[in-house]
Amino acid sequence: MTRYRKTKTHRGIRDVKRAKRTRARVKDLDQIFEDLSAPGKFANQPIDTDLPGLGQHYCLECARYFTTAGSLNDHVKTKLHKKRLKVLKEAPYTQKEADLAAGLGVDERKPASTSGGGSAMEE
């Protein structure tokens, strides 16, 4: 019977935290949903040398830049893009809906009446 490994077992936990800290953040679905309401804003973008393809080939639904028009057309045919389209068909949750789900909303029910059961106490 051999011993289980007891050294270097906490390295994985640290690496997960480091990856989360250094991961490139992408747009959330609610931000993309807002961008879809104004697609003309992304139609004619100025040339930006820091972005792939000088910022001219942009997938609005996935919030990604591509180097060429061909790579953008190939991306439109992929499973990831089609899944993103399906997810974006539904409207995102609002803050009001989140508050109501957490029980923080205004209670619109009428309070129960206390008349009828307390007649003995009034005399």
Side-chain angles (χ1 to χ4, degrees):
M1 205 167 167
T2 61
R3 292 181 69 183
Y4 292 109
R5 182 180 181 158
K6 291 189 176 185
T7 60
K8 299 182 182 178
T9 57
H10 296 289
R11 182 169 182 254
I13 297 170
R14 186 191 70 195
D15 287 345
V16 169
K17 290 179 182 177
R18 181 184 300 161
K20 187 172 184 176
R21 226 182 17 244
T22 59
R23 183 173 293 140
R25 289 284 300 154
V26 295
K27 284 188 176 182
D28 293 324
L29 291 176
D30 56 343
Q31 294 171 328
I32 294 173
F33 194 79
E34 290 175 5
D35 290 344
L36 287 173
S37 63
K41 183 170 105 174
F42 297 97
N44 296 321
Q45 293 186 356
I47 293 178
D48 188 359
T49 57
D50 294 333
L51 296 174
L54 301 176
Q56 299 302 306
H57 311 288
Y58 183 69
C59 176
L60 187 61
E61 291 84 6
C62 299
R64 287 184 59 188
Y65 288 96
F66 293 93
T67 54
T68 63
S71 61
L72 176 61
N73 290 335
D74 291 341
H75 162 75
V76 171
K77 299 173 189 174
T78 62
K79 187 183 286 189
L80 291 174
H81 181 79
K82 291 175 184 177
K83 283 183 181 180
R84 179 59 63 97
L85 289 176
K86 188 183 282 187
V87 169
L88 286 173
K89 283 183 181 177
E90 298 178 16
Y93 290 110
T94 62
Q95 186 62 39
K96 183 179 179 181
E97 290 173 336
D99 289 343
L100 289 174
L104 300 175
V106 177
D107 191 12
E108 297 178 3
R109 294 181 291 171
K110 295 181 181 178
S113 61
T114 58
S115 62
S119 61
M121 297 286 283
E122 294 174 3
E123 295 177 5

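If you read the sequence from its start, that first residue is 1, and numbering goes on from there.
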**Q** Is there a path from Val87 to Val76 through hydrophobic residues (I, L, V, M, F, W, Y) whose side chains come within less than 4.5 Å of each other?
**A**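 No, separate clusters.
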**Q** What do the steps show when you test Leu72 against Cys59 for side-chain contact (heavy atoms from CB on, under 4.5 Å), and what is the final call?
**A** CA-CA 7 Å; Leu72 176 61; Cys59 176; 3.9 Å; yes
**Q** What distance separates Lys86 NZ from Glu61 CD, expressed to the nearest 0.5 Å?
**A**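 Separation between the atoms: 15.0 Å.
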**Q** CD/Gln95 to CG/Asp30 distance, rounded to the nearest 0.5 angstrom?
**A**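 CG of Asp30 is found 10.5 Å from CD of Gln95.
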**Q** Among residues at least two apart in sequence or on other chains, which ones pass ring-ring contact (aromatic ring centres under 6.0 Å, His included) with Phe33?
**A**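 Expected list: none.
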**Q** Examine distances only and state if a side-chain atom of Gln56 and a backbone atom of Gly53 form a donor-acceptor pair shorter than 3.5 Å.
**A**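 Not at all, since once roles are kept as given, no pair shorter than 3.5 Å links the two residues.
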**Q** Atom OH of Tyr58 and atom CG of Leu51: how far apart are they, to the nearest 0.5 Å?
**A**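 Here the rounded value is 9.5 Å.
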**Q** Would you compute the distance between atom CD1 of Ile32 and atom OG of Ser37 and round it to the nearest 0.5 angstrom?
**A**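 Here the interatomic distance stands at 12.5 Å.
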**Q** With rounding to the nearest 0.5 Å, note down the distance linking CG in Leu36 to NZ in Lys89.
**A**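 These two atoms lie 13.0 Å from each other.
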**Q** With side chains defined as the heavy atoms from C-beta onward, is the minimum distance between Arg64 and Val26 less than 4.5 Å?
**A**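 No, side chains not in contact.
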**Q** Might you confirm whether atom CZ of Phe42 has over 12 heavy atoms from other residues, nucleotides or ligands at distances under 6.0 Å?
**A**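 Result for CZ/Phe42: enclosed.
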**Q** With rounding to the nearest 0.5 Å, note down the distance linking CG in Leu100 to OG1 in Thr94.
**A**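 So the gap between those two atoms works out to 8.0 Å.
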**Q** Would you say Thr67 and Pro52 make side-chain contact, with heavy atoms under 4.5 Å?
**A**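 In short, these two side chains touch, coming nearer than 4.5 Å.
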**Q** Would you say Leu54 and Thr49 make side-chain contact, with heavy atoms under 4.5 Å?
**A**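 Touching, per the 4.5 Å side-chain cut-off.
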**Q** Of all the heavy-atom pairs spanning Pro92 and Glu97, show the shortest one and how long it is.
**A**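 Minimum heavy-atom contact is O-OE1, 4.3 Å.
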**Q** Might you point out which heavy atoms bring Lys41 and Gln45 nearest each other, and give the distance in Å?
**A**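 Heavy-atom minimum between the residues: O-CG, 4.4 Å.
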**Q** Applying side chain to side chain donor-acceptor pair (under 3.5 Å), which residue pairs with at least one partner in residues 69-85 are found, sequence neighbours left out?
**A**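 Passing the test, one end in residues 69-85: Thr68-Ser71, His75-His81.
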**Q** So if you build clusters from Ile, Leu, Val, Met, Phe, Trp, Tyr with side-chain heavy-atom gaps below 4.5 Å, do Leu60 and Leu88 land together?
**A**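 Yes.
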